[in-house]
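Working notes, beginning with the structure itself.
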Amino acid sequence: MENSENKKAYPKQFSDFNSEVKVASPGRINLIGEHTDYNNGFVMPTAIDKKIYFDFRKNESEDNCQIYSLTFDSYFEFNLNDFSKAEDSWKNYLLGVIDEIQKLGKKLKGFDCIIESELPIGAGISSSAALECGFAAGLNQLFNLDLSKQDIVELSQRAENNFVGSNCGIMDQFASVMSKKDHIILLDCKSLETEYIPADFKNCKLLLLNTNVSHSIADSEYNTRRAECEEAVSIIQKKYPEAASLREVTFEMLEEFKAELPEKSYQRCVYVLKENDRVQKASAAMKSGKLKEFGELMYESHEGLQHNYEVSCTELDFMVEFSRNKDFIYGSRMMGGGFGGCTINLIEADKIKEYSEEISEAYFKKFNRKMDVISVSAGEGTIIEEFKA
């Protein structure tokens, strides 16, 4: 971010910016285990080698903060003691972090920050968690707040829940901060017990295909799905009070309450219980190098998201169907909240170029829309790149 071309674009108050702290905060992928985190289930995410970059410096003020997004060419400032929700959604992820840090009784002072992102918005690779966690990590370093990595994960999740208003689980923030290069995380979202599995895909790579579709219903439907799951739990709890979440619900318990549950809630539960089972099987397949078996579980996951959880869309379904019956593609599924974003594909590396061209042409022909091809690898969690004491 120090190059002269970018410098020209800065507002004049940033023209002589000397960074005290630099942070690189990654996006994430999730191989399998979608919509299970807020149900205390299992997930298999990792950070990726695409990031958001932050430059921080203290300014001379007690409480005035200035933030410039190079990506959006957008500048705003606010007072630490008096700020409210912004109209631009990306700003609220940052303000939410400030709010949660101050709720912890931590003392901030005036600072300036420049942000540049290489993460596509709405692609389902969690640019929001990268924004929150990188911002929190930078402020922690700049002001010696003594926050642990776990503190940063949890306060960033609260920022999204409380200030932004998206009732997300902990997976995105956890993966953004805690990932290890060349490893996949098997994360138990109930206990936060973590196992790092080597990301050994042999002759294959992970390929993201971005539909470039982002349906406006995604946020509201996300919260609706969570409410439908919680409604089912509250009904089952009347007989089984130990069932605090779907994690404690068995298939037998679910069948016992089938007649009492709204059909939608029942279908959501079927998906979550099966997906938790799939994650366990997928981790075993990954550890034993059975990539075809892993890929089949990815396809099953997509079918559940499409039919039981109903968070897919026509474009995602088209991409997954297009990948079937190609022996060089082992698995494909929608990834992220749904209603747009990416499919994640396990594909033989030497077929990526040829397949990308084939599906791009078919997708454009079908939807008159271009798709993006993003090749990713398992990367490191949030990194403080530079710190000047």
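Every heavy atom of this structure was used, including side-chain atoms; hydrogens, water molecules and symmetry mates were not.
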For this session: Determine, using ring centers only, whether Tyr38 and Tyr222 are less than 6.0 Å apart.
Result: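 Yes, ring centres under 6.0 Å apart.
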
For this session: Taking the six-membered ring for Trp and the single ring otherwise, decide whether the centroids of Tyr271 and His307 are under 6.0 Å apart.
Result: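 Centroid distance Tyr271-His307: not below 6.0 Å, so no.
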
Looking at [Y], is its backbone amide N or carbonyl O close enough to the side chain of [X] to form a donor-acceptor pair, meaning the two atoms are under 3.5 Å apart?
X	Y	result
Glu20	Lys58	yes
Asp188	Glu193	no
Arg158	Glu100	no
Glu275	Glu34	yes
Ser25	Ala130	yes
Asp37	Val43	no
Glu248	Ser245	yes
Arg268	Glu228	no
Ser69	Ile67	no

For the residue pair [X] and [Y], categorise the inter-ring angle as parallel (less than 30°), tilted (30 to 60°) or perpendicular (more than 60°).
X	Y	answer
Tyr309	His35	tilted
Tyr355	Phe322	tilted
Trp90	Phe72	tilted
Phe143	Phe111	perpendicular

Exercise. Under the criterion side-chain contact (heavy atoms from CB on, under 4.5 Å), which of Asp63, Ile98, Leu94 is the partner of Phe78?
Worked result: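 Of the listed residues Asp63, Ile98, Leu94, the side-chain contact (heavy atoms from CB on, under 4.5 Å) partner of Phe78 is Ile98.
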
Exercise. Given side chains that start at C-beta, do those of Met335 and Arg28 come closer than 4.5 Å, heavy atoms only?
Worked result: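 Heavy-atom side-chain distance check passes, below 4.5 Å.
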
What pairs of donor and acceptor atoms, side-chain ones from residues 373-385 against any protein atom, are under 3.5 angstrom apart with sequence neighbours left out?
{"from": "Ser377", "atom 1": "OG", "to": "Asp49", "atom 2": "OD2", "distance (Å)": "3.2"}
{"from": "Glu380", "atom 1": "OE1", "to": "Lys181", "atom 2": "N", "distance (Å)": "3.1"}
{"from": "Thr382", "atom 1": "OG1", "to": "Ser176", "atom 2": "O", "distance (Å)": "3.2"}

For this session: Establish, for the pair Lys51 and Phe54, whether the NZ or CZ atom is under 6.0 angstrom from the six-membered ring centre and no further than 45 degrees off its axis.
Result: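 Lys51 over Phe54 ring: no.
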
Exercise. CG of Leu254 to CG of Leu246: how many Å apart, nearest 0.5 Å?
Worked result: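 Rounded to the nearest 0.5 Å, the CG-CG separation comes out at 8.0 Å.
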
